[in-house]
Amino acid sequence: QVQLVESGGGLVQAGGSLSLSCAASGRTFSSYTMGWFRQAPGKEREFVAAVSRSGGNTYYADSVKGRFTISRDNAKNTVYLQMNSLKSGDTAVYSCAASARVGVLRLPSTYRDWGQGTQGTVSS
């Protein structure tokens with residue numbers, strides 16, 4: 001099991017940027033596929049991005065492709081989400097998640113461990 005703590009949320013104007021971080025506990029961080037999900041009020045949790053164990057492969061939802069970048073630093077046990085060109089529709093609680101599985105993991109059910117989430121609000 002891994003404990004996850006997100007940081008970096010906040011309020012930004014449309015067109016601006018936010019940088020999220022997710023710090024993981026434990027010594028086996030590099031053995032987990034990491035993902036970012038978001039949930040807006042009244043909506044289901046949706047996949048945003050995922051990164052493979054080594055960081056060599058990344059996957060994105062179509063809605064954020066070209067604007068968001070996921071990365072990880074296994075030496076620091078941290079995964080990042082850089083969000084640029086933000087839109088009001090990006091407003092949500094953003095959560096990171098860890099999975100012991102490999103592959104393109106877009107379903108929340110494929111992740112076992114979750115952070116508490118951080119709010120990202122984009123004003124128009």
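Note: hydrogens, waters and symmetry copies are ignored here, and every other heavy atom, side chains too, is used.
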*Asks:* Can you give me the closest heavy-atom contact between Trp114 and Ser95, atom names plus distance?
*Replies:* CE3-CB, 4.1 Å
*Asks:* Could you pull out the closest heavy-atom pair between Ser88 and Ser124, with the gap in Å?
*Replies:* CB-CB, 4.3 Å
*Asks:* Consider only side-chain heavy atoms of I, L, V, M, F, W and Y, link residues closer than 4.5 Å, and tell whether Val51 and Tyr59 are in one cluster.
*Replies:* no
*Asks:* Taking the six-membered ring for Trp and the full ring for Phe, Tyr or His, determine whether the centres of Tyr111 and Phe37 are under 6.0 Å apart.
*Replies:* yes
*Asks:* Checking Ser25 against Gln3: is there a side-chain donor and acceptor pair closer than 3.5 Å?
*Replies:* yes
*Asks:* Compare every heavy atom of Arg67 with every heavy atom of Leu86, then report the nearest pair and how far apart it is.
*Replies:* CA-NH1, 3.9 Å
*Asks:* Tell me the closest heavy-atom pair linking Gly10 and Leu18, and the distance in Å.
*Replies:* O-CD1, 3.9 Å
*Asks:* Does Arg72 use its side chain to pair, donor to acceptor, with the backbone of Phe29 at less than 3.5 Å?
*Replies:* yes
*Asks:* Roughly how far, to the nearest 0.5 Å, is OG of Ser52 from OH of Tyr32?
*Replies:* 16.0 Å
*Asks:* If you measure from CD on Gln13 to OG on Ser123, what distance do you get to the nearest 0.5 Å?
*Replies:* 5.0 Å
*Asks:* Taking all non-hydrogen atoms of both residues, which atom of Ala49 and which atom of Leu81 are closest, and how far apart?
*Replies:* CB-CD1, 4.3 Å
*Asks:* So, for Ala40 and Ala92, which heavy atoms are closest and what is the spacing to 0.1 Å?
*Replies:* N-CB, 3.9 Å
*Asks:* Verify, without hydrogens or angle tests, whether Thr78 (side chain) and Lys76 (backbone) share a donor-acceptor contact under 3.5 angstrom.
*Replies:* yes
*Asks:* Residues two or more places apart in sequence or in another chain: which of them pass ring pair (Phe, Tyr, Trp, His ring centres under 6.0 Å) with Phe68?
*Replies:* none
*Asks:* Let me confirm one number: the CZ-CZ distance from Phe47 to Arg106, rounded to the nearest 0.5 Å.
*Replies:* 4.5 Å
*Asks:* Are the side chain of Arg53 and the backbone N or O of Ser31 linked by a donor-acceptor pair below 3.5 Å?
*Replies:* yes
*Asks:* I'd like to know whether Leu20 forms a side chain to side chain contact (heavy atoms under 4.5 Å, CB included) with Met83, so could you lay out the CA-CA distance, the side-chain angles of the two residues, the decisive distance to 0.1 Å, and finally the verdict.
*Replies:* CA-CA 8 Å; Leu20 306 184; Met83 305 188 294; 3.8 Å; yes
*Asks:* Determine whether a donor-acceptor pair (N or O, by modelled atom type, separation under 3.5 Å) exists between the side chain of Thr121 and the backbone of Leu11.
*Replies:* no
*Asks:* Please list all pairs passing the side-chain hydrogen bond (donor to acceptor under 3.5 Å, both in side chains) test where one or both residues lie in residues 33-49, with sequence neighbours left out.
*Replies:* Arg38-Glu46, Arg38-Asp90, Arg38-Tyr94
*Asks:* Do Ser17 and Asn84 meet the criterion of a side-chain donor-acceptor pair at a distance under 3.5 Å?
*Replies:* yes
*Asks:* Let me check something: do Tyr80 and Leu4 share a hydrophobic cluster, defined by ILVMFWY side-chain heavy atoms less than 4.5 Å apart, either directly or through other members?
*Replies:* no
*Asks:* Would a distance-only check, ignoring hydrogens and angles, find a side-chain to backbone donor-acceptor pair under 3.5 Å from Gln82 to Ile70?
*Replies:* no
